[in-house]
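Contents: one structure, followed by commentary.
This is a predicted model, so every value here is computed, not measured.
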Amino acid sequence: VEAHRVFLREIIDSLPICVAVHDRRGRLVVLNKTASEILGWEIASGEEEPTEAETVRIEAENAEVLNARTYQSRVDECVRDRHGQERFLTKTQRLIDGPEGANQYVLTLAVDTTQRRQEELRRREMEKLAATGRMAARVAHEINNPLAGIKSAFCLVKDEIPSSSPHQHYMPRIEREIDRIAAIVR
């Protein structure tokens, strides 16, 4: 029996997800290494009871499961790990039977989705940057087309204005400004 218990404990501790079991009084009775590392929880030794604040928090968290007697899932719940870092967990809770009778414990399984969520945020940022780039390219194209026409028309008109014209001094300035606009949108 003890060898079987040790074997099962090793299986639970090797899981890459958080596994925790609370009794109806809110006491933590099973906790795997992943849950302990991420959440910083520990199983109280002996018959120690959880603090009143812990009991209230656990009871509130488990109330739906205990009352509904069904699965409850919470997607991407934000928690702080033992180092104070934000972690996102997808939790599923279920009532399980214990040696004392039916539905005596709440099993919580939680998958750390922090990395996936961060990758999603990075992907969204990259998509926004790509969309901004595409929009900038379209705007530049829409500006360059008429600008090329303006420059061509200006070159034709510029040659027709006599050098003695009082407006001749505007010609180099107009050409510079057309070239400046073209350089900005490139």
Side-chain angles (χ1 to χ4, degrees), residues 4-45 48 50-98 103-145 182-186:
H4 187 62
R5 182 177 299 204
V6 168
F7 176 67
L8 290 176
R9 180 79 238 175
E10 194 158 318
I11 290 172
I12 291 170
D13 280 341
S14 69
L15 293 173
I17 65 172
C18 299
V19 177
V21 178
H22 289 92
D23 67 13
R24 285 191 166 271
R25 294 185 304 179
R27 283 187 312 160
L28 190 57
V29 294
V30 175
L31 181 72
N32 75 340
K33 287 180 182 177
T34 303
S36 181
E37 288 169 7
I38 290 176
L39 302 171
W41 292 354
E42 291 182 19
I43 296 179
S45 60
E48 291 179 31
T51 66
E52 187 174 336
E54 289 171 328
T55 301
V56 168
R57 180 188 58 77
I58 292 165
E59 283 176 355
E61 204 172 86
N62 297 338
E64 284 183 56
V65 179
L66 292 167
N67 293 331
R69 300 181 183 280
T70 184
Y71 288 99
Q72 298 294 321
S73 292
R74 295 183 191 100
V75 177
D76 288 339
E77 180 178 327
C78 184
V79 298
R80 295 250 176 228
D81 67 13
R82 64 172 22 162
H83 306 291
Q85 299 295 315
E86 256 188 4
R87 301 292 281 265
F88 292 90
L89 302 176
T90 299
K91 282 177 33 174
T92 301
Q93 294 179 300
R94 178 177 194 257
L95 283 175
I96 59 173
D97 297 339
N103 300 322
Q104 295 297 311
Y105 298 91
V106 176
L107 168 66
T108 301
L109 303 174
V111 178
D112 186 351
T113 57
T114 305
Q115 185 175 357
R116 178 186 53 82
R117 184 179 173 93
Q118 289 169 342
E119 287 169 1
E120 263 180 37
L121 291 173
R122 280 192 293 274
R123 182 185 50 79
R124 284 188 199 139
E125 281 301 311
M126 295 299 287
E127 286 173 0
K128 285 179 190 176
L129 288 172
T132 302
R134 287 190 300 272
M135 185 175 70
R138 282 194 300 269
V139 169
H141 179 73
E142 291 301 318
I143 292 171
N144 277 327
N145 281 344
I184 288 170
V185 294
R186 272 189 218 131

Which atoms form the tightest heavy-atom contact between Q104 and G98, and what is the distance? CB-N, 4.4 Å
Does anything in residues 127-143 pair up under salt bridge (charged side-chain N to carboxylate O under 4.0 Å, His left out), and if so which pairs, sequence neighbours excluded? R123-E127, E125-K128
Enter the distance from D112:CG to R87:CZ here, rounded to the nearest 0.5 Å. 4.0 Å
Does atom CD of Q115 have more than 12 heavy-atom neighbours, drawn from other residues, nucleotides or ligands, at distances under 6.0 Å? no
Separation of L39 CG from C18 SG (nearest 0.5 Å): 5.0 Å
Side-chain donor/acceptor of T113 to backbone N/O of F88, under 3.5 Å: yes
If only atom types and distance count, is the side chain of D81 paired as donor or acceptor with the main-chain N or O of E37 below 3.5 Å? no
Heavy-atom pair with the smallest gap, counting every atom of K91 and T108: CE-CG2, 4.0 Å
Would you indicate whether the side-chain heavy atoms of L95 and V106 approach each other to under 4.5 Å? yes
Check residues 7-14 and write down every donor-acceptor pair under 3.5 Å in which the side-chain atom is one partner and the other belongs to a residue at least two apart or another chain.
residue: R9; atom: NE; partner: D13; partner atom: OD2; Å: 3.3
residue: R9; atom: NH2; partner: D13; partner atom: OD1; Å: 2.8
residue: R9; atom: NH2; partner: L31; partner atom: O; Å: 2.4
residue: D13; atom: OD1; partner: K33; partner atom: N; Å: 3.1
residue: S14; atom: OG; partner: E10; partner atom: O; Å: 3.3
residue: S14; atom: OG; partner: I11; partner atom: O; Å: 2.8

Rounded to the nearest 0.5 Å, what separation is found between the CZ atom of R80 and the CD atom of Q85? 7.5 Å
Here the gap from L15 atom CG to N32 atom CG, rounded to the nearest 0.5 Å, amounts to 6.0 Å
Distance (rounded to the nearest 0.5 Å) between T90 OG1 and I17 CD1: 11.0 Å
